[in-house]
Amino acid sequence: MECEHKLVSDLMPDLVIEVASRSEAGDILSSPERCAEVTCLISIGAPNDELPIGYHNISSKLRLLFGDTLDAETGATEADVRTIIDLAQRLRSFTGKVLIHCEAGISRSTAAALILYACWFGPGREGEAMRRVLMQRPLAIPNRRMVELADHLLKRGGRLLEALD
């Protein structure tokens with residue numbers, strides 16, 4: 001286990017991902033101590049969803065607006081997923097906590113966490129990326145559309161989708 005941790009830490013930025021619901025994110029962001037730990041916020045909501053309490057307390061944040069659906073009309077777009085992938089690359093030199101939230105903290109936010117881990121771990125370690133998400137959020141059911149788009153953009157040949165099963 002310790003060797004595995006060392007291998008993972010060598011490949012990943014010195015960041016912790018925390019996945020949360022909007023309500024849980026609000027609790028974190030409205031607490032000065034807990035908010036101070038957050039290096040970056042990824043806030044995902046449908047266009048009419050409310051922001052979490054304390055949203056404006058974080059200067060480094062990404063807000064993505066799309067529904068928790070599988071259709072192209074209201075769900076994530078390729079541009080949304082590419083934004084998450086680009087952010088993963090920029091975060092490589094950061095330390096601290098990446099807080100990712102969606103409304104329930106189950107689908108869109110866990111998909112974003114999976115995409116970050118997949119970027120950091122690299123090809124061939126998609127299952128490990130999914131295990132990492134499940135360790136942090138056992139009720140994770142990553143949004144399949146987001147994962148499918150990431151699989152395509154990262155050229156994973158279906159391995160990222162297979163990690164969902």
Side-chain angles (χ1 to χ4, degrees), residues 1-22 24-25 28 37-45 52 58 60-72 75-165:
M1 182 82 167
E2 194 167 309
C3 285
E4 181 181 334
H5 177 70
K6 183 176 180 181
L7 178 65
V8 169
S9 66
D10 289 345
L11 296 171
M12 285 181 43
D14 200 11
L15 286 168
V16 173
I17 293 177
E18 184 167 351
V19 176
S21 67
R22 181 177 52 80
E24 292 165 333
I28 293 166
E37 299 172 349
V38 178
T39 299
C40 181
L41 170 66
I42 301 174
S43 175
I44 306 172
I58 298 291
S60 179
K61 59 188 166 243
L62 169 65
R63 177 72 172 161
L64 297 170
L65 296 174
F66 55 85
D68 187 16
T69 66
L70 302 179
D71 67 84
T77 66
E78 192 170 292
D80 293 323
V81 174
R82 187 178 311 280
T83 300
I84 295 168
I85 292 169
D86 291 345
L87 180 62
Q89 299 308 318
R90 289 194 310 273
L91 288 173
R92 283 188 181 275
S93 63
F94 285 70
T95 60
K97 182 182 289 183
V98 176
L99 177 60
I100 308 172
H101 89 84
C102 62
E103 191 63 27
I106 296 172
S107 182
R108 292 169 289 178
S109 55
T110 60
L114 177 60
I115 294 165
L116 291 179
Y117 283 130
C119 290
W120 295 337
F121 289 172
R125 298 180 66 193
E126 294 79 11
E128 186 177 347
M130 184 62 195
R131 284 189 295 279
R132 183 61 71 100
V133 171
L134 288 169
M135 283 174 37
Q136 203 280 311
R137 195 73 169 181
L139 293 175
I141 306 171
N143 179 284
R144 194 165 190 87
R145 176 165 178 75
M146 291 174 67
V147 175
E148 183 177 318
L149 290 167
D151 187 271
H152 169 73
L153 291 169
L154 295 170
K155 297 178 177 35
R156 298 297 172 92
R159 291 186 308 275
L160 202 50
L161 279 168
E162 288 171 9
L164 298 180
D165 300 326

Query raised in the report: Which atoms form the tightest heavy-atom contact between Gly45 and Arg63, and what is the distance?
Result: N-NH1, 3.7 Å
Requested in this report: Quick one: closest heavy-atom pair of Met146 and Ile44, and the distance?
Outcome: CE-CD1, 4.4 Å
Requested in this report: For the residue pair Leu114 and Leu164, establish whether any side-chain heavy-atom pair is separated by less than 4.5 Å.
Outcome: yes
**Report entry** Smallest separation among heavy atoms of Ser109 and Ala20, with atom names
**Finding:** OG-O, 4.1 Å
Requested in this report: Please confirm whether the backbone N or O of Val19 pairs with a side-chain atom of Gln136, one donor and one acceptor, at under 3.5 Å?
Outcome: yes
Query - Leu62 vs Cys40 side-chain heavy atoms within contact, under 4.5 Å - result: no
Report task. Can you sort out the partners of Thr77 under side chain to side chain donor-acceptor pair (under 3.5 Å), two or more places apart, ordered by chain and number? Result -> Asp80
Report summary line: Residues passing the salt bridge (charged side-chain N to carboxylate O under 4.0 Å, His left out) test with Arg90, sequence neighbours excluded, are none
Query raised in the report: Is it true that a side-chain atom of Glu126 and a backbone atom of Gly124 form a donor plus acceptor pair closer than 3.5 Å?
Result: yes
**Report entry** Asp68: partners by side chain to side chain donor-acceptor pair (under 3.5 Å), with sequence neighbours left out
**Finding:** Ser107, Asn143
Requested in this report: Using side-chain contact (heavy atoms from CB on, under 4.5 Å) as the criterion, list what pairs up with Ile141, not counting sequence neighbours.
Outcome: Ile106
Query raised in the report: Which pair of heavy atoms, one from Pro142 and one from Val147, lies closest together, and at what distance?
Result: CB-CG2, 4.0 Å
Query raised in the report: Does Thr69 reach the main-chain N or O of Gly75 with its side chain, forming a donor-acceptor pair under 3.5 Å?
Result: yes
Query - Heavy-atom closest pair, residues Gly158 and Asp151 - result: N-OD1, 2.7 Å
**Report entry** Counterpart residues, salt bridge (charged side-chain N to carboxylate O under 4.0 Å, His left out), relative to Glu78 (two or more places apart)
**Finding:** Arg82
Query raised in the report: Any side-chain heavy atom of Leu116 within less than 4.5 Å of one from Leu15?
Result: no
**Report entry** Side-chain H-bond candidate by donor/acceptor type, His101 with Ser43, under 3.5 Å
**Finding:** yes
Query raised in the report: Where the side chain of Arg108 meets the backbone of Phe66, is there a donor-acceptor pair that is under 3.5 Å apart?
Result: yes
Report task. Keeping to residues at least two apart or across chains, list the salt bridge (charged side-chain N to carboxylate O under 4.0 Å, His left out) pairs with something in residues 134-148. Result -> Glu24-Arg137
Report summary line: On a heavy-atom basis, the closest approach of Thr39 and Ser60 is O-CB, 3.4 Å
Requested in this report: Keeping the roles fixed (side chain from Arg125, backbone from Gly122), state whether a donor-acceptor pair exists under 3.5 Å.
Outcome: no
